[in-house]
Amino acid sequence: MLNQLPQGINPLSPDQATQFDQLIGTLSPVQQAWISGYLAATALSGTPQPVAAPVVEAAPLTVLYGSQTGNAKHVASDIAEAAKGRGLDVRLVDMADYKPAKLKDEKFLTIVVSTYGEGEPPETAEKLYDFLASKKAPKLDGLEVAVLGLGDSSYEFFCKTATDFEERLAALGATVVHDRALLDVDYDDYAPGWINAALDVFEPAVKSVAQASSNVVQMPGVAAPKVSQYTKKDPFLAEVTTVQKITGRDSIKDVRHVEISLDGSDLTYQVGDSLGVYFENSAEDVDAVLKALSLDGSAEISIGDKTKTLREALIENLELTQAYPTFAEKYGNATGDKALIKLAENKVELRDYLEPRQIYDILHEHPHDIAPQALVDSLRKMQPRLYSIASSLAEVEDEVHLTVGVVEWDAFDRTHFGGASGFLGRRAEEGQKVRVYVEQNDLFRLPQNPDTPVIMIGPGTGIAPFRAFLQEREAAEAEGQNWLFFGNPHFTQDFLYQVELQGYLKSGLLTKLDVAFSRDQAGKVYVQDRIRENAEEVWAWLEEGAHLYICGDANRMAKDVHSALLDVVKEQGGHDDEAAAAYLAELKDAKRYQRDVY
Ligand code: NAP
């Protein structure tokens with residue numbers, strides 16, 4: 001006890017020492033340890049730290065999320081907030097930061113996980129997903145679990161990851177205490193109901209084992225959500241200031257450099273983040289559909305809690321570009337269209353039918369008398385599209401730049417444009433208003449140490465975040481070396497940001513620039529060919545601690561680049577297949593191998 005320490009060792013007055021002893025007597029060992037850390041931090045910083053509640057070692061309800069684009073993270077945060085609101089101890093953890101072996105210590109668990117590509121888990125979920133299927137997975141008899149999956153029903157393996165997680169946990173002995181939800185892109189409408197119902201089940205059980213305090217504890221390494229008043233639910237109405245075509249006149253691609261002003265908002269971003277963009281459907285296409293269905297665009301309809309005209313809702317709020325199965329079902333049933341109803345019964349045929357079409361095409365092919373509200377109810381709400389940010393605030397101040405590849409194809413007597421890319425790349429003019437928000441991406445970040453070398457692989461519009469990285473590193477006068485691999489069809493037509501990149505090469509900011517113009521010679525040449533040609537140097541950079549980044553096409557490019565990297569590690573490091581895979585897995589674990597791929 002402090003009172004009994006000799007004078008000189010005890011710096012407190014006798015009164016303070018008595019009060020201190022009294023306080024210590026009321027504290028548990030965990031609380032004493034926390035206070036000791038708190039006082040040490042205060043002494044080091046020189047200023048009193050805010051007295052945050054102590055971190056509870058094992059929070060009774062764990063909310064684990066595996067997110068690709070941020071949606072699962074948002075839903076998981078909503079669960080944590082709702083649980084906290086009910087007075088539950090809750091711990092919110094990104095699967096990327098979760099030690100799988102900890103699973104056996106959990107008692108109550110909710111999992112929120114998305115599925116992407118061909119039924120694959122998000123990168124951040126891979127480790128836990130694989131662990132659960134491995135021999136190392138422990139018995140989980142005491143675990144109570146509820147799973148919420150996010151996905152896109154246009155894809156064949158809708159919400160597969162969530163289903164797999166639930167099945168694997170159950171096979172290990174966990175009890176599923178609330179039916180899983182497998183939610184489509186309009187998950188916002190359904191998630192709150194599921195969260196409520198799931199927490200109704202968890203609450204009494206969690207409370208019975210919980211201690212008094214109720215905290216949302218973020219695991220170390222997970223940045224607290226960024227605070228801006230503008231969010232996905234409440235975006236900022238920004239102004240487009242520049243739209244500039246950056247592919248040549250004879251290019252087969254139309255890529256636009258788009259600049260948007262964030263002036264008047266409190267929105268900020270870090271390089272690596274994405275911008276969520278709500279677009280407007282083409283007024284011309286909407287009018288053509290209204291005509292085909294003999295509908296009056298000025299008819300009033302309700303959407304959410306708002307009343308609008310049908311035309312306004314079709315332009316601003318409803319998905320008309322990406323076709324999806326539930327539309328065929330709902331519109332078929334609302335109109336009694338036998339062909340659509342039959343098609344909806346066979347998932348494979350339905351997907352083949354939807355794949356080349358937009359909603360506009362289906363409406364033109366199946367025109368019916370339908371009440372304005374019934375049409376609205378058969379459509380789903382427009383979802384924002386995410387673009388990797390192509391600028392650094394350090395360089396462009398209150399602007400945000402995007403690299404937009406315009407999606408365009410002719411079919412069924414119409415020219416089709418991608419929803420957001422057609423809007424931003426073709427229809428938006430200077431002064432166009434656009435609703436935007438920033439989607440934080442902590443899994444695609446420059447190294448904290450500016451001296452660390454980076455290798456960036458970004459063919460096509462995958463160059464976007466690397467333009468931002470380079471701007472950031474230049475502004476910070478970072479000493480680390482920068483190596484960029486870029487590819488596109490033709491040197492003369494498709495060298496995106498050529499002048500800037502060559503300027504960076506000249507100034508020395510870019511240490512190396514390797515390009516692969518795939519169609520400038522008889523055989524195709526891709527970025528992975530350049531990686532293999534430079535195997536020795538790539539290996540040397542990795543061994544020196546370089547961080548590795550890939551952005552762009554997920555389905556083909558990112559997989560092929562990964563194979564090339566495996567070859568480099570095998571050949572240069574003298575590793576076999578297994579050791580090479582483990583080497584790259586370790587890089588991923590150490591956040592030295594990061595991908596932003598779609
Ligand atoms: P792209 O289609 O990826 O083409 C860029 C270059 O890559 C072309 O030279 C192409 O060659 C080549 N390529 C084709 N197959 C390849 C493979 N298996 N491995 C390596 N290179 C290959 O470029 P893009 O039109 O700009 O589209 C980029 C893609 O990435 C899109 O799918 C887009 O959705 C996605 N993306 C996502 C983000 C994001 O926000 N995270 C950002 C950028 C891009 P050939 O065409 O001559 O075969």
Side-chain angles (χ1 to χ4, degrees), residues 67-71 116-118 122-123 152 155 245-248 251-258 269 271-277 321-322 383-391 400-409 418-422 424-425 436 438-441 443-445 456-469 484-497 514-533 549-567 594-598:
S67 203
Q68 189 72 17
T69 61
N71 293 339
Y116 88 110
E118 308 295 308
E123 302 237 14
D152 181 341
Y155 290 89
K245 189 165 188 255
I246 53 170
T247 39
S251 174
I252 50 160
K253 293 184 181 233
D254 180 354
V255 179
R256 306 277 168 142
H257 173 73
V258 175
Y269 58 86
V271 295
D273 287 343
S274 297
L275 192 75
V277 176
T321 47
Q322 283 177 354
Q383 294 300 313
R385 310 292 197 253
L386 289 179
Y387 286 93
S388 308
I389 290 175
S391 53
V400 56
H401 298 182
L402 307 178
T403 312
V404 177
V406 179
V407 176
E408 179 180 358
W409 76 99
S421 68
L424 285 175
V436 301
V438 171
E439 186 64 61
Q440 195 176 317
N441 183 3
L443 300 170
F444 205 74
R445 291 280 185 248
M456 301 166 278
I457 302 154
T461 49
I463 184 73
F466 302 133
R467 180 176 184 263
F469 277 19
L484 176 67
F485 288 88
F486 173 72
N488 235 355
H490 297 290
F491 172 82
T492 52
Q493 302 296 321
D494 307 306
F495 197 161
L496 308 182
Y497 303 113
D514 277 280
V515 288
F517 290 102
S518 51
R519 306 189 194 184
D520 274 349
Q521 59 284 305
K524 289 276 175 91
V525 175
Y526 290 153
V527 281
Q528 57 270 29
D529 299 314
R530 299 291 181 233
I531 290 170
R532 286 194 174 93
E533 286 162 19
Y549 301 88
I550 304 179
C551 181
D553 170 54
N555 288 333
R556 300 159 306 152
M557 183 276 295
K559 288 176 182 157
D560 293 347
V561 167
H562 185 82
S563 302
L565 292 169
L566 283 173
D567 288 346
Q594 306 186 3
R595 310 196 311 169
D596 174 10
V597 296
Y598 285 18

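These figures come from a predicted structure and were not determined experimentally. In each ligand, atom 1 is the first atom listed, and ligand 1 is the first ligand listed.
- If you check the side chains of Ser251 and Asp494, you find a donor sitting under 3.5 Å from an acceptor.
- Judged purely by atom type and a 3.5 angstrom limit, Ser391 uses its side chain to pair as donor or acceptor with the backbone of His401.
- With hydrogens left out, the protein atom closest to atom 7 (O) of ligand 1 is Pro459 CB, 4.0 Å, a heavy atom.
- With atom 28 (C) of ligand 1 as the reference point, the heavy atom nearest to it among Ile389, Leu496, Asn488, Thr461 is part of Thr461.
- Side chain of Thr247 to backbone of Val255: a donor-acceptor contact under 3.5 angstrom is found.
- Separation of atoms CE (Met456) and CZ (Arg467) is listed at 13.5 Å; rounding is to 0.5 Å.
- Heavy atoms of Gly487 come nearer than 4.0 angstrom to ligand 1 in at least one pair.
- Taking every non-hydrogen atom of Asp596 and a distance limit under 4.0 Å, the qualifying atoms of ligand 1 come out as 41 (N).
- The protein atom (non-hydrogen) at minimum distance from atom 18 (N) of ligand 1 is Asp560 OD2, 2.8 Å.
- Note on ligand 1: Ala464 sits outside its first shell, no heavy atom being nearer than 4.0 Å.
- Side-chain N or O atoms of Arg385 include one that pairs as donor or acceptor with a backbone N or O of Gln383 at under 3.5 Å.
- Heavy-atom proximity to atom 19 (N) of ligand 1, evaluated over Gln528, Lys559, His490, Arg385, is greatest for Gln528.
- In this structure, atom 33 (C) of ligand 1 has its sub-4.0 angstrom surroundings free of protein heavy atoms.
- From the protein, the heavy atom lying nearest to atom 48 (O) of ligand 1 is Tyr526 OH, 2.6 Å.
- Of all protein heavy atoms, the one closest to atom 40 (O) of ligand 1 is Ser388 OG, 2.9 Å.
- Within the 3.5 Å criterion, the main-chain N or O of Arg445 finds a donor-acceptor partner in the side chain of Tyr549.
- For Tyr598, the OH atom sits in a packed shell: over 12 heavy atoms of surrounding residues, nucleotides or ligands are nearer than 6.0 Å.
- The CD1 atom of Ile531 sits 5.0 Å away from the CZ atom of Phe485 when rounded to the nearest 0.5 Å.
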Show the numbers, then the answer: is there a side chain to side chain contact (heavy atoms under 4.5 Å, CB included) between His562 and Ile550? CA-CA 9 Å; His562 185 82; Ile550 304 179; 5.6 Å; no
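- Within ligand 1, counting atoms from 1 as listed, the ones closer than 4.0 Å to a heavy atom of Gly460 are 5 (C), 23 (O), 26 (O).
- Checking only distances, Lys253 does come within under 3.5 Å of ligand 1, N or O to N or O.
- The distance from ligand 1 to the heavy atoms of Lys524 drops below 4.0 Å at these ligand atoms: 45 (P), 47 (O), 48 (O).
- The line from CD1 of Ile389 to CG of Leu275 is 5.0 Å long, rounded to the nearest 0.5 Å.
- Close contacts between ligand 1 and Gly462 involve ligand atoms 43 (C), 44 (C) [criterion: under 4.0 Å to a heavy atom].
- Proximity of the aromatic rings of Phe486 and Phe466 is defined here by a centroid distance below 6.0 angstrom, and this criterion is not met.
- The protein non-hydrogen atom at the shortest distance from atom 30 (O) of ligand 1 is Asp553 N, 2.8 Å.
- Among protein heavy atoms, the minimum distance from atom 9 (O) of ligand 1 is reached at Ser518 OG, 2.7 Å.
- Compare Arg595, Met557, Arg519, Arg556 by their heavy atoms: the one nearest to atom 45 (P) of ligand 1 is in Arg519.
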